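Here the structure is a predicted model, which is why all the values come from computation and not from measurement. Along the sequence shown, residues are numbered consecutively beginning with 1. Heavy atoms only: backbone and side chains are in, while hydrogens, waters and symmetry mates are out.
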Amino acid sequence: MRLILASKSPRRHELLALMGLRFEIAVCDAPELAPAGAGPEETVRALALQKAAAIFDMHPQDCVVGADTLVFLDGLHFGKPNNVAEAKAFLRLLQGRSHRVLTGLAVLYPGGRDVRVCETEVTFAAMTDTEIDWYAATGEPMDKAGAYGVQGPGGMFVSAVNGSYHNVMGMPIYLLYAMLRDAGLWERFIQ
């Protein structure tokens, strides 16, 4: 049995390697479809399950991990921005406030499946337009939910993290460890 990560995210790759896991990567480019009218937890849970299921269908004898991270504030969710203008708009809404980062995590394996959600509260410092313009110009916001990366230059604008830091990066590693352990699979994949 192999451990397969259904993600092209370099941060998720780094975090699984940090955990000391042997894993492979398989990416599904199917469109992500959130359930109509779903709340934040249901949305990230469904999207993570879609990603994992698409790969598990091709590799039913392996263990597949899918994850989806979104930022939520005032009833809105923020995925990856489509362009620099949208990244700046996201940052203007998030700056000076606290928001929720939710990651849905799905682990599918022969005879079982586990889908859970990790939530972290992140507080941004107030940002000037100059700071927002500078940060957007770094390019970092473009491939990250909420248009920021806590592990890079964007981290200097994060004044507090209440919950899993790794969740904000896109992979709550303790939760993944617990899910693999609970399924009796942890020891199969450690190096």
Side-chain angles (χ1 to χ4, degrees), residues 5-21 23 25 32 34 38-52 65-82 84 86-107 114-127 131-132 134-180:
L5 176 63
S7 176
K8 61 183 173 188
S9 164
R11 287 157 306 285
R12 289 188 179 125
H13 304 171
E14 290 167 12
L15 289 169
L16 263 66
L18 175 76
M19 293 173 70
L21 297 173
F23 66 98
I25 297 163
E32 298 177 9
E41 292 84 1
E42 186 182 353
T43 298
V44 295
R45 189 182 314 258
L47 294 173
L49 184 56
Q50 285 174 27
K51 291 176 182 180
V65 174
D68 195 81
T69 302
L70 293 173
V71 170
F72 292 88
L73 177 68
D74 295 338
L76 302 173
H77 74 272
F78 302 82
K80 297 174 185 174
N82 293 310
V84 173
E86 189 172 50
K88 290 179 184 182
F90 287 4
L91 293 167
R92 283 189 184 92
L93 290 170
L94 296 175
Q95 65 86 28
R97 303 179 68 195
S98 295
H99 59 271
R100 300 166 60 201
V101 177
L102 275 73
T103 299
L105 195 55
V107 176
D114 190 358
V115 184
R116 302 186 198 180
V117 175
C118 183
E119 179 175 344
T120 304
E121 181 183 72
V122 177
T123 302
F124 254 78
M127 297 173 74
E131 290 166 334
I132 289 171
W134 170 82
Y135 181 54
T138 68
E140 184 180 68
M142 297 315 301
D143 70 339
K144 294 170 182 62
Y148 73 93
V150 69
Q151 72 280 9
M156 74 177 126
F157 301 112
V158 173
S159 61
V161 174
N162 184 11
S164 169
Y165 173 84
H166 295 109
N167 181 46
V168 184
M169 290 177 65
M171 179 58 73
I173 61 176
Y174 175 76
L175 182 59
L176 177 58
Y177 158 71
M179 293 167 77
L180 291 172

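Taking the side-chain hydrogen bond (donor to acceptor under 3.5 Å, both in side chains) definition, one finds that Asn162 meets it with nothing, sequence neighbours left out. Partners of Glu42 according to the salt bridge (Lys or Arg N to Asp or Glu O under 4.0 Å) rule, which considers only residues two or more places apart in sequence or in another chain, do not exist here. Considering only residues two or more places apart in sequence or on other chains, Arg97 meets the salt bridge (Lys or Arg N to Asp or Glu O under 4.0 Å) condition with Asp74.
Taking every heavy atom of both residues into account, Gly146 and Leu94 meet most closely at O-CD1, 3.4 Å. Ala67 and Gly170 make their closest contact through CB-O, 4.2 Å (heavy atoms, listed as atom of the first residue, atom of the second, distance). Minimum interatomic distance between Ile25 and Ser7 (heavy atoms only, all atoms of both residues): CG2-O, 3.2 Å. Heavy-atom minimum distance, Val65 versus Met171: CG1-CE, 4.2 Å. Between Asp114 and Met179, the shortest heavy-atom contact is O-CE, 3.2 Å. Taking every heavy atom of both residues into account, Ala6 and Lys51 meet most closely at CB-O, 3.7 Å.
Judged by distance alone, with hydrogens and angles left aside, the side-chain atoms of Gln151 form no donor-acceptor pair with the main-chain N or O of Met169 at under 3.5 Å. Under a 3.5 Å cut-off, the side chain of Thr120 and the backbone N or O of Ser164 do form a donor-acceptor pair.
Inter-residue side-chain proximity for Tyr174 and Cys118 is flagged as unmet; no heavy-atom pair is nearer than 4.5 Å. Side chains of Leu93 and Phe78 form a contact here, defined as non-hydrogen atoms less than 4.5 Å apart. Residues Phe72 and Val44 are in side-chain contact: their nearest non-hydrogen atoms beyond the backbone lie under 4.5 Å apart. Here the side chains of Glu131 and Met156 are not in contact, with every heavy-atom distance at 4.5 Å or above. By the 4.5 Å heavy-atom criterion applied to side chains, Leu21 and Leu180 are counted as neighbours.
A distance of 11.0 Å separates CG in Leu105 from CG in Leu49, rounded to the nearest 0.5 Å. To the nearest 0.5 angstrom, Asn167 atom CG is 7.0 Å from Leu102 atom CG. Leu91 CG to Phe157 CZ: the interatomic distance, rounded to the nearest 0.5 Å, is 9.0 Å. Atoms CD and CE, on Glu140 and Met142 in that order, are 12.0 Å from each other to the nearest 0.5 Å. Separation of atoms CD1 (Ile173) and CG (Leu176) is listed at 8.5 Å; rounding is to 0.5 Å. The line from CZ of Phe90 to CG of Leu76 is 9.5 Å long, rounded to the nearest 0.5 Å.
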- Query: Checking ring pair (Phe, Tyr, Trp, His ring centres under 6.0 Å) for the pair His99/Tyr148: CA distance, chi angles, key distance, verdict?
  - Reply: CA-CA 12 Å; His99 59 271; Tyr148 73 93; 5.5 Å; yes
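A donor and an acceptor atom, one from each side chain of Arg12 and Thr103, are nowhere located under 3.5 Å apart.
Looking at Arg11 and Asp143, a side-chain N of the basic residue comes within less than 4.0 Å of a carboxylate O on the acidic one, giving a salt bridge.
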